[in-house]
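Data first, discussion second: the structure below is written as structure tokens.
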Amino acid sequence: MPLAKALELAQEYDLDLVEVAANARPPVCKLMDYGKFKYESAMKAREARKNQAHTVIKEMKLRPKIDPHDYDTKKGHVVRFLKQGDKVKITIMFRGREQSRPELGFRLLQRLADDVADLGFVESNPKQDGRNMIMVLGPHKKKTEAMAEAREAQAARKAGRQSDSAAAEESAEEPAEA
């Protein structure tokens with residue numbers, strides 16, 4: 001269709017003539033409301049950014065001579081971070097004479113990796129870095145999957161609370177028999 005006729009048609013329908021494929025022979029154009037198109041594409045981009053998750057590295061610091069209860073507490077934090085889909089950097093800090101026994105730190109890191117093997121994997125093996133030994137654990141689940149599961153669980157809890165409150169209101173409305 002000639003350009004003049006296409007422009008006339010666009011004006012008749014109160015739309016814009018937008019070039020879709022400039023390199024095609026002949027060039028391809030489309031009749032559309034360009035302002036609406038720009039708005040919808042901006043909304044799609046915003047929605048995509050909202051669902052996008054950036055990976056966060058959480059850090060947990062330990063000492064080689066850690067108490068069993070303290071170890072369990074720190075392991076609980078690592079488990080929570082991995083369930084949320086975050087990477088975890090575990091640092092073991094050596095002081096004084098502890099530096100001459102790096103195998104204690106290595107064994108502690110291996111034990112922690114074995115304890116959380118069902119939630120995460122060793123992304124970076126333990127390595128000595130000055131006074132510290134560092135290991136990085138990565139989650140099996142992606143951050144977006146973990147966020148989706150958390151939203152579903154929250155919705156289920158909310159629905160459960162609403163049904164509980166509805167049942168409580170219903171039982172309060174029933175008259176008591178004497």
Legend entry - Criterion side chain to side chain contact (heavy atoms under 4.5 Å, CB included) on Arg161 and Lys158, from CA distance to verdict: CA-CA 5 Å; Arg161 282 195 301 257; Lys158 189 176 182 181; 4.1 Å; yes
Legend entry - Side-chain cluster (under 4.5 Å, hydrophobic types only) that Ile90 belongs to, other residues: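 Noted: Ile90 shares its cluster with Met60, Leu62, Ile66, Tyr71, Val78, Val79, Phe81, Leu82, Val88, Ile92, Phe94, Phe106, Leu108, Leu109, Leu112, Val116, Leu119, Val122, Met133, Met135, Leu137.
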Residue pair [X] / [Y]: nearest heavy atoms and the distance that separates them:
| X | Y | value |
| --- | --- | --- |
| Gly85 | Pro139 | O-CG, 3.5 Å |
| Pro64 | Met93 | CD-O, 3.2 Å |
| Pro126 | Gln110 | CG-NE2, 3.8 Å |
| Pro102 | Gln128 | CB-OE1, 3.6 Å |

Legend entry - Separation between CD1 of Ile134 and CG of Asp129, rounded to the nearest 0.5 Å: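 Between atom CD1 of Ile134 and atom CG of Asp129 there are 4.5 Å.
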What side-chain donor-acceptor pairs closer than 3.5 Å can you find for residues 7-18, not counting sequence neighbours?
from: Asp16; atom 1: OD2; to: Tyr34; atom 2: N; distance (Å): 3.0

Legend entry - Transitive ILVMFWY side-chain link Met1 to Leu31, under 4.5 Å: yes
Legend entry - Qualifying salt bridge (charged side-chain N to carboxylate O under 4.0 Å, His left out) pairs, either residue in residues 60-89, two or more places apart: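 Only Arg63-Glu98, Asp86-Lys143, Lys87-Glu123 qualify under salt bridge (charged side-chain N to carboxylate O under 4.0 Å, His left out).
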Legend entry - Glu103, CD atom: more than 12 neighbouring heavy atoms under 6.0 Å: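 Enclosed.
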Legend entry - Flag if over 12 foreign heavy atoms under 6.0 Å of CZ, Phe121: yes
Legend entry - Pairing of Arg49 and Glu47 as salt bridge, 4.0 angstrom limit: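 Salt bridge absent between Arg49 and Glu47.
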